[in-house]
A.B. asks: 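My questions will all concern the structure given below.
Proteins get letters first, then strands, A, B, ... in listed order; numbering begins at 1 in each.
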Amino acid sequence: MSSPQGRFADAAALLDGQVLTRAEAHGKHLFHTFGRDRVVHVHLGLYGTFDEGELPAPEPRGLLRLRFEGETHYADLRGPTACELLTRAEVAAIRDRLGPDPLRRDFDPDRVYQRISRSSSPLATLLMDQKVISGVGNVYRAELLFRHHLDPQTSGKALDKGTWDAMAADLVVLMKDGVRKGRIDTVRPEDDPRRKGRPARRDRHGGEVYVYRRAGMPCHVCGTEVRTATHAARNLFWCPGCQQG
DNA sequence: GGCTTATGCGCAG
DNA sequence: TGCGCCTAAGCCA
């Protein structure tokens, strides 16, 4: 580990040359343990990225916040919202306020359902609330609601347990697939537009999706124009034809 | 080169 | 509810 700069420089002297002993993710929060118990908390936010490559690593250029070096490869962190050295108590405080994470072995869909079913907030809000469930972002929110035919404005209270169980299982599969492939694909093979002679949509989010960022384009399933609206300061996308549940 | 946009989220008011 | 953080890519001129 080397090279924190700017407002992330505080931890540099304590960490430079230390060995990474553990790396863990809870939702969108990353925890890197160095040595016995020095934990660096990283949150990528909107812009953060890790750029990986084979050694030798290039000379640090621009605002490089953190560099990991292994035997053969390096990873450079740029643009994170958070990159800070935390105490155990601070790490615990962050994790205590995070809901279950579908990518973790301890994922507990029933705990998520308890919160959803008590709330009159729309599902679009609840799925983005990291206290309710962690790790689901704007893409998975839009795509999950589509795949389960749910109007994003549906109240949490109106969601039945059976539907949630199917959604939770679906999330686990979709998110694990996303980790494996490094991109988000949510379109079932039978709905794939390439099979129907329409051009596939692929952008730097990588994958094939039903509604995310497809406003004004025809739904892959019913042809209705995909709609968009600003919901709690984030872009929400849905198909009014397919999502009436 | 400038402008717009974006997978998130904490904070002020 | 709106702003600020902070970076890269895509688009336009």
A.B. asks: Can you run down the salt bridge (charged side-chain N to carboxylate O under 4.0 Å, His left out) pairs that involve residues 126-140 of chain A, sequence neighbours left out, and say none if there aren't any?
C.D. replies: A:Asp129-A:Lys131
A.B. asks: Whether A:Arg65 contacts C:dT7 is assessed here as follows: a side-chain N or O lying under 4.0 Å from the phosphate OP1 or OP2. Is that the case?
C.D. replies: yes
A.B. asks: Of the nucleotides C:dA8, B:dA6, B:dC9, which has the atom closest to the A:His43 side chain?
C.D. replies: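 Comparing C:dA8, B:dA6, B:dC9 against the side chain of A:His43, the answer is B:dC9.
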A.B. asks: Measure up the A:Phe68 and A:Phe50 rings against each other and bin them: parallel (under 30°), tilted (30 to 60°), perpendicular (over 60°).
C.D. replies: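 Answer is tilted, since the angle falls between 30° and 60°.
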A.B. asks: Of all residues at least two apart in sequence or in a different chain, which pass the ring pair (Phe, Tyr, Trp, His ring centres under 6.0 Å) check with A:His231?
C.D. replies: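 Applying ring pair (Phe, Tyr, Trp, His ring centres under 6.0 Å) to A:His231 gives none.
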A.B. asks: Does any part of the side chain of A:Cys242, heavy atoms only, come nearer than 4.5 Å to the side chain of A:Tyr210, both counted from C-beta?
C.D. replies: no
A.B. asks: Starting at the 5' end of DNA chain C, which residue's closest nucleotide do you reach first, A:Asp51 or A:Leu46?
C.D. replies: A:Leu46
A.B. asks: With A:Asp151, which residues qualify under salt bridge (Lys or Arg N to Asp or Glu O under 4.0 Å), at least two apart?
C.D. replies: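 Salt bridge (Lys or Arg N to Asp or Glu O under 4.0 Å) list for A:Asp151, sorted by chain: empty.
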A.B. asks: What distance separates A:Leu171 CG from A:Arg141 CZ, expressed to the nearest 0.5 Å?
C.D. replies: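 Answer for the CG-CZ pair, A:Leu171 versus A:Arg141, is 13.0 Å.
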A.B. asks: For residues 91-100 of chain A, please give each side-chain donor-acceptor pair under 3.5 Å, one per line with the distance, not counting sequence neighbours.
C.D. replies:
residue	atom	partner	partner atom	Å
A:Arg95	NE	A:His26	ND1	3.3
A:Arg95	NH1	A:Glu24	OE2	3.1
A:Arg95	NH2	A:His26	ND1	3.3

A.B. asks: Below 4.0 angstrom, which residues in residues 123-134 of chain A have at least one non-hydrogen atom near DNA chain B?
C.D. replies: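 Within this stretch, A:Met128, A:Gln130 sit under 4.0 Å of the strand.
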A.B. asks: Determine the interatomic distance between P on C:dC5 and the same-named atom on B:dG13; round to the nearest Å.
C.D. replies: 15 Å
A.B. asks: Among the nucleotides B:dC9, B:dA6, C:dT7, which one has an atom lying closest to any side-chain atom of A:Tyr212?
C.D. replies: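 That would be B:dA6.
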A.B. asks: Using a cut-off of less than 4.0 Å, is there contact between a side-chain N or O of A:Asn235 and OP1 or OP2 of B:dA6?
C.D. replies: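 So the side chain of A:Asn235 is within the cut-off, an N or O lying under 4.0 Å from OP1 or OP2 of B:dA6.
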A.B. asks: Any protein N or O atoms within reach of nucleotides 10-13 of chain B? Criterion: under 3.5 Å, listing atom names and distances.
C.D. replies:
residue	atom	partner	partner atom	Å
B:dG10	OP1	A:Arg97	NH2	3.4

A.B. asks: For DNA chain C, whose closest nucleotide is more 5', that of A:Ala232 or that of A:Thr49?
C.D. replies: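 That would be A:Ala232.
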